Amino acid sequence: MKAAVYYETGGPEVFRYEDLPDPTCHPRGILVRVEAVSIEGGDVLSRAGGVLATTPHVVGYQAAGTIVEVGEQVTDRQEGQRVVTTAPFGSHAELRSVPVSSSWVIPDGLATEDAATVPVPFGTADDCLFEFGRLQAGETVLIQGAGGGVGVAAVQLAKRAGATVIGAASQDEKLEALRAYGLDHGVNYRTADLVSSVMSLTEGRGCDLVVDPVGGNVLQGSLACLAYRGRAITVGNASRESRLVDLGGLGQGNQSITGVYLGAELARGSRAYDMIAGHLRDMAAGSLRAVIDRRFPLAEAEEAHRYIESRQAFGRVLLIP
Ligand SMILES: NC(=O)c1ccc[n+]([C@@H]2O[C@H](COP(=O)([O-])OP(=O)(O)OC[C@H]3O[C@@H](n4cnc5c(N)ncnc54)[C@H](OP(=O)(O)O)[C@@H]3O)[C@@H](O)[C@H]2O)c1
């Protein structure tokens, strides 16, 4: 099979487009011909640094396609079915072998490309908002990195639940586009002070919940935006800045901060798996929407990652094998 691989971490230029042996199908797994790779925020971070699990390495959490082989112990999947898959790596390739438990059958009426954008961003956003963030109708939520994959999912889910949604991003164009997905107020943190803007939008009260996939200095600002009894969720470090934050102010307002990792939930029982199956059904029914900015051929993984790192991407960028 063809794959976008790298032999060392670094900038997007580390990608090579090469032939690799086809992966084999595990007895409890499926082999999938990939039709759409969703480049996740974590894929960009994995490529930029850290230890390689394999060499050459095929990066990537999430891809959708068609089953071409079913493991001998699998009873609930068939060749020819369309599925979306997640795994710690391996999405940037023509073929992908995953445990059946890391796959969701794509409902009729949902395009394979759209399904490719669902499990990690929507599952993560849902857990940040509701399972751990306890968001209620009528509350106000601030979504940092609102134009990213997790961000656009969080904006849609929060609005659907009856919250007032404030989003922060680096460009007015992203904030304007987010209005179609439910954003009530946008703050461009490059041209306005985030904390004072949020305080002004909430009449000095602050936000009941902040979802922060950016980290670093942005996370410090997130804590400063909390209302009395406000909850902050730290769910990523897209900024790649230091994760040290000063928690000194939280006690005075009975505020809290919680870390969220979807993988830990998927590894424990069926709740998170079923939640994501629900997102796929909702997208097929039209109550959630995939946000796909651009498509690149798999051979152009370098250009696709470069585009994401330029901070212009809105929602998801796909690779098409
Ligand atoms: N814990 C979990 O289970 C989990 C699950 C999914 C993702 N994550 C993490 O959440 C983070 C976001 O994921 P994602 O898929 O939403 O990523 P994404 O689609 O690439 O979006 C990231 C957003 O972060 C903002 N950002 C701020 N500083 C940045 C910087 N220095 N470089 C790049 N972007 C920057 C960008 O918006 P602006 O330019 O508008 O600021 C961008 O829209 C990642 O760290 C990812 O690893 C964690």
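One-based numbering, in listed order, for ligands and for the atoms of each. Please read all numbers here as calculations on a predicted model, not as lab measurements.
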Run down the list G215, G149, S170, G315 and name the one with the heavy atom closest to atom 19 (O) of ligand 1.
-> G149

Nearest protein heavy-atom contact for atom 24 (O) of ligand 1: which residue, which atom, what distance?
-> A238 CB, 3.5 Å

Does the ring of Y307 carry R294 above it, NZ/CZ under 6.0 angstrom from centre and within 45° of its axis?
-> yes

Backbone, side chain, both or neither: what part of V120 comes under 4.0 angstrom of ligand 1, heavy atoms only?
-> side chain

re atom 46 (C) of ligand 1, the protein heavy-atom contact at minimum distance is G42 N, 3.8 Å

Could you pull out, from R311, E265, R190, the option with a heavy atom nearest to atom 26 (N) of ligand 1?
-> R311

For A169, counting its heavy atoms only, list the atoms of ligand 1 lying under 4.0 Å from any of them.
-> 40 (O)

Taking both backbone and side-chain atoms of A313, is any N or O found less than 3.5 Å from an N or O belonging to ligand 1?
-> no

If you compare L175, V235, V44 by their heavy atoms, the one closest to atom 10 (O) of ligand 1 turns out to be V235

Considering heavy atoms of the protein only, find what lies nearest to atom 3 (O) of ligand 1 and give residue, atom and distance to 0.1 Å.
-> L262 N, 2.8 Å

What is the closest protein heavy atom to atom 37 (O) of ligand 1, and at what distance does it sit?
-> K174 NZ, 3.6 Å

Ring-face cation of R289 near Y181 (centre distance under 6.0 Å, axis angle within 45°) | yes

Could you check if a side-chain atom of R77 sits within less than 4.5 angstrom of a side-chain atom of E69, using non-hydrogen atoms only?
-> no

Looking only at heavy atoms of P121, does any of them come nearer than 4.0 Å to an atom of ligand 1?
-> no

Between R179 (side chain) and L175 (backbone), is there a donor-acceptor pair under 3.5 Å?
-> no

For A161, the side-chain contact (heavy atoms from CB on, under 4.5 Å) test, sequence neighbours excluded, returns F130

Could you tell me whether E13 atom CD has more than 12 heavy atoms of other residues or ligands within 6.0 Å of it?
-> yes

Quick check: does Y189 get an N/O under 3.5 Å from an N/O on ligand 1?
-> yes

Would you call the rings of F15 and Y6 parallel, tilted or perpendicular, where under 30° means parallel and over 60° means perpendicular?
-> perpendicular

Check: V214 main-chain N/O paired with S239 side-chain donor or acceptor under 3.5 Å | yes

Among protein heavy atoms, which sits nearest to atom 16 (O) of ligand 1, and what does the distance come to when rounded to 0.1 Å?
-> V150 N, 2.9 Å

With atom 25 (C) of ligand 1 as the reference point, say which of L266, N237, V291, V214 has the nearest heavy atom.
-> V214

Tracing side-chain links under 4.5 Å among I, L, V, M, F, W and Y, which residues wind up in one group with V198?
-> L142, I166, V187, Y189, L194, L201, V210, L219, L223, L226, V245, L247, L250, I257

Could you tell me whether the side chain of E241 and the main chain of N217 form a donor-acceptor pair under 3.5 Å?
-> yes

When only distance counts, is V260 in polar contact with ligand 1, meaning an N/O pair under 3.5 Å?
-> yes

Protein heavy atom at shortest distance from atom 11 (C) of ligand 1 = P213 O, 3.3 Å

Closest heavy-atom contact between C128 and V235?
-> SG-CG2, 3.5 Å

Look only at the side chain of S38 and the backbone of A63, and say whether a donor-acceptor pair between them is shorter than 3.5 Å.
-> no

Nearest option to atom 43 (O) of ligand 1, as decided by whichever heavy atom of A125, G151, G148 sits closest | G148

Among all protein non-hydrogen atoms, which one is nearest to atom 17 (O) of ligand 1, and what is the separation to 0.1 Å?
-> G41 CA, 3.3 Å

Parallel, tilted or perpendicular: which describes the rings of H279 and F122, with under 30° parallel and over 60° perpendicular?
-> tilted

Quick one: does ligand 1 sit under 4.0 Å from the side chain of R316, the backbone, both or neither, non-hydrogen atoms only?
-> side chain

Below 4.0 angstrom from a heavy atom of G236, which ligand 1 atoms are there? Numbered from 1 as shown, please.
-> 9 (C), 10 (O), 45 (O)

Protein heavy atom at shortest distance from atom 5 (C) of ligand 1 | T124 OG1, 3.1 Å

